[in-house]
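The structure displayed is predicted, hence computed values, not measured ones. Whatever order the structure lists ligands and atoms in, that order sets their numbers, starting from 1. Residue numbers start at 1 and run along the sequence shown.
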Amino acid sequence: MSEIMRPMPFARLMNWALGEYSRHGSVFGVRKEKFYVNESGKRISIFGQELGSPIGPAAGPNSQLAQNIVAAYFAGSRFMELKTVQKMDGEELRKCVPRPCINAEDEGYNVEWSTELTVPEALAEYVKAWVAIHVLGKAAGIFRERDFVFNMSVGYDIDGLKSPKIDGYIEGMKNASTTDVWREALAWLKENVKSIPNVDAAFIDAIAPQVSNSVTLSTLHGCPPDQIELMAKYLLEEKKVHTFVKCNPTLLGYEKARALLDGMGYGYINFDDHHFKDDLQYADAVGMLGRLMEYAAARKLSFGVKITNTFPVKITRGELPGEEMYMSGRALFPLSINVAAKLGKDFDGKLPISYSGGADAFNIADIFKTGIQPITVATTILKPGGYGRCRQLASILEPLMRTEWKGIDKRALSALADSLQTRKNYRKEHRPAASRKTAEPLPLFDCYQAPCKTGGCPIEQQIPEYLSQVARGDHAAAFRIIAVDNAVPSVTGTLCNHACQGKCTRMDYDSPLHIRNSKLIAADAAQKAFTKALTPPPARTQKKAVVVGAGPAGVSAALFLKRNGVSVTVLEKRERPFGIVEYVIPEFRIASGAIRRDFEMAVKMGVDFRFGVPAVSDIAALRKEYDFVLLAVGAWKESAPAVNEGGEHMVDALDFLERSKRAHCRVDIGRKVAVIGGGDVAMDCARAAVRAPGVEEVTIVYRRTREFMPAEAEEIRLALEEGVALVELLAPVKCAPGMLRCERMKLSDRDASGRRGVVGLGEFVELPFDTVICATGARVDGAVFDAAGLKRDKRGRPELTGGNEASVGGVYVIGDCKAGPSTIVAAVADAKRAVKDILHKLSLADDFVKMDVPQDREALHAKRGVLRAELAGALDAERCLVCDQLCEMCCDVCPNRANVRIAVDGFRDKGQVVHMDALCNECGNCGIFCPHKGNPYQDKLTVFDSEEDFRDSKNRGFLKKGADAYLFRLEDGSEIACGLGDARVPAQFAAVVRAVEKEFAGILF
Ligand SMILES: Cc1cc2nc3c(=O)[nH]c(=O)nc-3n(C[C@H](O)[C@H](O)[C@H](O)COP(=O)(O)OP(=O)(O)OC[C@H]3O[C@@H](n4cnc5c(N)ncnc54)[C@H](O)[C@@H]3O)c2cc1C
Ligand code: SF4
Ligand code: SF4
Ligand code: SF4
């Protein structure tokens, strides 16, 4: 593993692409169904040439190597803004770029800027790509006439531009016929023309050596306006190339940029005003652009502005190494569009604008309709789907293309800028979680994983399987799958905190699947019939179990045990089942019908429920009667007082909610109510309080800020929409009748979990309240553990095995009483673990079986790279990508095509991913999107090109040294030099190596 990319010689590039195309129908991982052909023949004109699609990769990681540009072309890119070249290049530049250098998790960030190759290498890559696109496009039937443009991006100062290195680059691009790489490419083509479908010598001879006649001028932040103008004039006058000047978002001014980002939820993006002061000022820009327009027109060359460069911000949350990074993607969209709108207006629509800044499938039509063209993209194609996303972009724009440019529609552009605050996809809160990565290690083989299920859902619900059935409308089949792992589907279908949705791959496309809702749809449609058909299974053992407490944990454990043939009794001190859910969680969040439905399932399974029994305390006595005792008594002890003084004047959250639920919210709590806390319980208290008669004001008092509230964003939103007020950065210190005294706080540094701490400011306020509800977290009453003689740890929690068994054998502790208030699904997960442990002890197999739902693989491939808005009801399930049957996201998102899928027999997954060391520059992008804890570029089987690179890496993989001579680094890290048949090389490892060799025979080997 080394950050040095090794460009492929033209012969290898072509052999790879042609071989892949003939064997698999794909080119550099872009599958045939993503190939784009403009069937309508519509075109736009630019720089005297015609474009078959007005989109392409922005100068950046996707336009650096020849294979990147080829992949972009096949998927629909026709305007290739090539990665910037400048006088500092190659090793000198690489040394300044820390790794990883890209983080496109949500809005994009990077710490790289111009090509990491040397300038001559970059020229060679672009020339190779130019020739390759002609020939490969023709071979694959895509190329009908040249409908693409290569656009140079150069920077950063006049001396650099005039240097022989950059001058040679520009001249080479203007006429490549004298370059070595051109000669090499054409010679190879002539020699191999017979083996290339649809291509003949005349076609090769007709490839024009003018690779580019246009430049996008890139400038560094702080570049003086006269320098920019000088450079543009130089390019126009001396180099005679069409010129666009790339502008920075700082043209907006600090206040406007800050307000736009804050207003859309990006308040955490950290920057001060120094770039805004140092960069080109708006008035200067207007003057300069006007002069340059005239200057270019006089020379019959095109001139325009490229909106915008990335936006420099401070690194404060460890997104990337270093102190400053460049922002792109959906947070840049409001800034760039506003700059464009300003210029559109001030130039009365006459200044041509090309665009880059958060364009994606949801906004590209609106951008294009304003007259902005071409549009280049980076962040969207660094996300799952990768280059494949270009096809959707090109298809959206094809019907809108017009040959004649009619100027910028400044009204439409202003309207677009004004609509931003209401476009929810671009607001920060649209993405419900930061990272989709799970804690699951990345295996060397068979790594496909549905992160919603593995790592997301605590009970590993078979989510893609049941979603497929919901999408097909087979709710009975869906429900059968759900019921395998979930004993409380209606309750979780309504209330689950749905951690699965925060891991859903769709989050990186558009929005997560409505997984919880799909479960409820299946339960609504099929649970009753499912329950009706249940019959108590016969006992498979004489051993008996008792469960204490009939909350979600107790009901689940009982159902799972009985279903697996273990007789079980549940002792519940209250009159009804479901504990907190039944007695405390407000009716407006869960209807009693859903609770009844789940209870019926356990009853029908034959669980012996006994309600209204005296509170169980004598576990030893139970232990005599039953072989297994499961304690599931919940966490009902009141919260520790949130104040130093006057805690007795506060109302406990659970007491309040129970009282409120019993009285259907008709409780007397005065006019002004405070709720202390920032979790879901606090939100329920506030929403219940709002509904109480006579209440005029309900205020949540929270010591941090909204951003750090542990409650679900959806619950916070609902509370605020219902009129609840939120006061942040106030820590209660004293409560007295009618009054709450609080200290003002400020946020301090982040702790290890990334959450900001708070420090008191020594300033106090007294707020008048009739009722103060304390919702800072219920506690577990440990008396029952002590009575049972269970060992407890330092935090007072019972010491448990991985199967939830306590220090007294046969006694299990599950649900909220295990470690304090948690969630319903965590309670079910605890129950599942304990039941598995008990069944294991009884030598009984459990019935948590994997349900297979066959998938149409072509249909799965077709969904990749296509953004879709969420759909109503059951239809939404159709958006599922079934990630555990088809992942390969690391292959999609790698700009350099360094992760490759290989089909190998004898494995669980249909493809195995191998990593090509020579193509990788350790940008880190594949690590961001792989759902595992690891990084594909470090953890997947690696194909090395040279011993130097092998030694420079710790990756497991191989270097082929001779006919049957290899250097292997095996899964355990050991290194051996031997043949492939050597017994020390594990069979799976050898099988993948063989498959790689077969795939790349004559190309790499
Ligand atoms: C206001 C509020 C809102 C919540 N909202 C959500 C939500 O939206 N989503 C979510 O996932 N989670 C939510 N939770 C958490 C969730 O309700 C709990 O995690 C879950 O109920 C825990 O289940 P349990 O079976 O462990 O305990 P409980 O639900 O507390 O059940 C314990 C049962 O044991 C009985 N019991 C106690 N002691 C004895 C004894 N000695 N003898 C016999 N019986 C006994 C109790 O009466 C009770 O029925 C919420 C919690 C609260 C307080
Ligand atoms: S797309 Fe489907 S399989 Fe993939 S994470 Fe989302 S719900 Fe799970
Ligand atoms: S393999 Fe990963 S780290 Fe390497 S270039 Fe591709 S995305 Fe970047
Ligand atoms: S992203 Fe790549 S390495 Fe990670 S699970 Fe998917 S296929 Fe495997």
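For Trp636, every heavy-atom contact with ligand 1 shorter than 4.0 Å involves the side chain, none the backbone. Contacts between Ile585 and ligand 1 below 4.0 angstrom, taking non-hydrogen atoms only, involve the side chain exclusively. Only the side chain of Val548 comes within contact range of ligand 1, with a heavy atom under 4.0 Å; no backbone atom does.
Taking the six-membered ring for Trp, Phe599 and Phe609 have ring centres closer than 6.0 Å.
Residues Thr823 and Asp816 approach most closely at N-OD1, 4.2 Å, considering heavy atoms.
Looking at atom 5 (S) of ligand 3, its nearest protein heavy atom turns out to be Asn921 OD1, 3.4 Å.
Selection from Ala632, Ala550, Pro586 by nearest heavy atom to atom 32 (C) of ligand 1 gives Ala632. Remark: among candidates Val491, Asn497, Leu657, the nearest residue to atom 1 (C) of ligand 1 is Leu657, based on non-hydrogen atoms.
Residues that satisfy the salt bridge (charged side-chain N to carboxylate O under 4.0 Å, His left out) test with Asp680, not counting sequence neighbours, are absent from this structure. With sequence neighbours left out, Tyr626 forms a side-chain hydrogen bond (donor to acceptor under 3.5 Å, both in side chains) with no residue at all.
Protein nitrogen, oxygen and sulfur atoms, that is N, O or S, within less than 2.8 Å of atom 2 (Fe) of ligand 2 amount to 1.
With contacts defined as side-chain heavy-atom distances shorter than 4.5 Å, the pair Gln885/Val853 does not qualify. Two residues are said to be in side-chain contact when any heavy atoms from C-beta on lie closer than 4.5 Å; Leu561 and Leu630 meet this criterion.
For the pair Glu715 and Arg687, the salt-bridge criterion is met [side-chain N within less than 4.0 Å of a carboxylate O]. Salt-bridge formation is not detected for the pair Arg99/Glu3: no Lys NZ or Arg NE/NH1/NH2 atom is positioned less than 4.0 Å from an Asp or Glu carboxylate oxygen. Ion pairing between Asp508 and Arg431 holds under the 4.0 Å rule for side-chain N and carboxylate O.
Distances shorter than 2.8 Å separate atom 2 (Fe) of ligand 3 from the protein N/O/S atoms Cys926 SG.
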